[in-house]
Visitor: 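Sharing a structure with you now.
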Number of protein chains: 2
Amino acid sequence: MSHSQTEENYLKAIYQLSQSHPDGVTTKSISQRLNIKAPTVSDMLKRLSAKKLIRHARYKGVTLTQKGTKVALTVIRKHRLWETFLVEKFKFKWDEVHDIAEQLEHIQSPVLVNRLDEYLGFPPFDPHGDPIPTKEGLINSRYEKTLDQITEGSSVEIVSVRDHSSKFLQYLESLSIQIGTRVKVVRRIDYDHSVVIETDDQMEKSLSHRVCANLFVK
Amino acid sequence: MSHSQTEENYLKAIYQLSQSHPDGVTTKSISQRLNIKAPTVSDMLKRLSAKKLIRHARYKGVTLTQKGTKVALTVIRKHRLWETFLVEKFKFKWDEVHDIAEQLEHIQSPVLVNRLDEYLGFPPFDPHGDPIPTKEGLINSRYEKTLDQITEGSSVEIVSVRDHSSKFLQYLESLSIQIGTRVKVVRRIDYDHSVVIETDDQMEKSLSHRVCANLFVK
DNA sequence: TATAAAAATTAGTATAACCTAATTTCGAAG
DNA sequence: CTTCGAAATTAGGTTATACTAATTTTTATA
Ligand SMILES: [Mn+2]
Ligand SMILES: [Mn+2]
Ligand SMILES: [Mn+2]
Ligand SMILES: [Mn+2]
């Protein structure tokens, strides 16, 4: 039994939303994430439930079943492997690959995915620093801390980004910030929660709270 | 304006059928090729016609417009480039790539296709010997002659296969026949139109008429 | 605790892409 | 030139996936 692209997109969205809401994902949040109206989501949840891919009690949040989780992780695995492929082999920028990977993640061929993985040398992370689930469905947990939570004076490394939009990624490039960049928190501004950082090149830069909250660090 | 995968499949089928029926492709032939019932095809032809992708006079055959031809050639280009990629880079056998390429041919991203083309070194032919349309939509015409039309004593080279099925391609492998193989027609058997050939390795092999009709030569 | 706002669901509709059954049109054979 | 079988189309139905409007349920607030 295979699943439609639409179903896969719902499962992936539910998986990702459940990372911050393990006790149940709301219809509204899925609706916003996928840009689909709530009644349509309600409908789909009924179908996914009938297929035993999610658990759903009416008017309550949803959680993925083991079966649903496996599908979601497979889709995420493919998305991140393809993104890595596009950057490593086809010389795309990290802000150009997401939309293409949104399509490639639905290609059905387990053997293709594994050849891709092998061709790339079994990469543990994608170009945005996100962990790539293994063939067995294992995924490293992501670092939880974001740059806005770091105390003054500490030095940290950027390990991944929360926002994958071109806009954000291009802005980071203009600041010379990428995955692996070390930054020192020079000052935290109380007024607007912005942060002044210093990068390797000794330059001081000011980052808004919004930007910092989208940068995972270790 | 983009087209659905379904529409692309129809356009590709019409293009390929029109190679042997330039004056118009029938509803029935499309129906058989795509394994879809004739009324469904009729329906779709109306929609493709409304989009100016085909010309269609009721109860007459269809032809592609320039616009439709362009879409078809783009899909074929992607199909053949991906097949080449899978064989060259991922070490798939030539009989394993068609079904995966049927999916990959629908990925929408002109820049991806051109990077793929570049990555492969702008190959003129796919693993089955079929010509790959260029970015500009140009396609080499295929050799017309098949092995069953060759006179006794002549020596020819296999340039492409008509049938892309695993069954057929695997049978060819078992005979050590591939694209580029030179064969000499030793004898033509009148009784069943089968042909006895001799390959580089001095071995004599008997090929049925059906097999010969699926082997293009030069 | 009563009520209002928000969230979720149900009801009813649309479109793409499929189907079967019925009808129309074409083209070949007599 | 009529007639009949094949091909094509129309009619009417289904499913997946969307939508808006109406209704129900939950939750938050007074
Ligand atoms: Mn992405
Ligand atoms: Mn990513
Ligand atoms: Mn093919
Ligand atoms: Mn091919």
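Note that these values count all heavy atoms, side chains included, but never hydrogens, waters or copies made by symmetry. Just so we're on the same page: letters track the sequence lines, and every chain starts at 1.
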Visitor: With sequence neighbours left out, write down each residue that passes ring pair (Phe, Tyr, Trp, His ring centres under 6.0 Å) with A/H98, or none if nothing qualifies.
Guide: A/H79, A/H164
Visitor: List in chain and number order the residues that pass side chain to side chain contact (heavy atoms under 4.5 Å, CB included) with B/K60, two or more places apart in sequence or in another chain; answer none if no residue qualifies.
Guide: B/A57
Visitor: For B/E173, which residues count as a side chain to side chain contact (heavy atoms under 4.5 Å, CB included) partner, sequence neighbours excluded?
Guide: B/W94
Visitor: Output the residues of residues 8-21 of chain B in contact with DNA chain D, where contact means a heavy atom of the residue under 4.0 Å from an atom of the strand; sort by number or write none.
Guide: none
Visitor: OP1 or OP2 of D/dA21 versus the side-chain N and O atoms of A/K37: is any pair under 4.0 Å?
Guide: no
Visitor: Tell me whether the count of non-hydrogen atoms from other residues, nucleotides or ligands lying under 6.0 Å of NZ in A/K70 goes above 12.
Guide: no
Visitor: Please find the earliest and latest nucleotides of DNA chain C, in the 5' to 3' direction, that have an atom within less than 4.0 Å of any heavy atom of chain B.
Guide: C/dA16 to C/dC26
Visitor: Which salt bridge (charged side-chain N to carboxylate O under 4.0 Å, His left out) pairs, counting each pair once, include a residue from residues 109-129 of chain B, with sequence neighbours left out?
Guide: B/R77-B/D117
Visitor: Give the rounded distance in Å between these two atoms: CZ of A/R47 and P of D/dT14.
Guide: 17 Å
Visitor: Can you list everything that forms a side chain to side chain contact (heavy atoms under 4.5 Å, CB included) with A/T27? Sequence neighbours excluded, please.
Guide: A/A38, A/V41, A/S42, A/L45
Visitor: If the condition is side chain to side chain contact (heavy atoms under 4.5 Å, CB included), which residues does A/Y119 pass it with, not counting sequence neighbours?
Guide: A/F85, A/K89, B/K89, B/F90, B/Y119
Visitor: Answer with base, sugar-phosphate or nothing: what part of the nucleic acid does A/K60 contact at a heavy-atom distance below 4.0 Å?
Guide: nothing
Visitor: Residues in side-chain hydrogen bond (donor to acceptor under 3.5 Å, both in side chains) with A/E136, at least two apart?
Guide: A/T134
Visitor: Please write out the pairs of protein N or O atoms and N or O atoms of nucleotides 5-7 of chain D separated by less than 3.5 Å, giving the distance to one decimal.
Guide:
residue : atom : partner : partner atom : Å
D/dA7   : OP2  : B/K28   : NZ           : 3.4

Visitor: Does anything in residues 38-45 of chain A reach DNA chain D, meaning a heavy atom under 4.0 Å, and if so which residues?
Guide: A/P39, A/T40, A/D43, A/M44
Visitor: Can you list everything that forms a ring pair (Phe, Tyr, Trp, His ring centres under 6.0 Å) with B/Y15? Sequence neighbours excluded, please.
Guide: none
Visitor: Which residue in the set A/K12, A/K78, A/R80 passes salt bridge (Lys or Arg N to Asp or Glu O under 4.0 Å) when paired with A/E105?
Guide: A/K12
Visitor: With a non-hydrogen cut-off below 4.0 angstrom, is B/R58 in contact with a base, only sugar-phosphate, or nothing?
Guide: sugar-phosphate
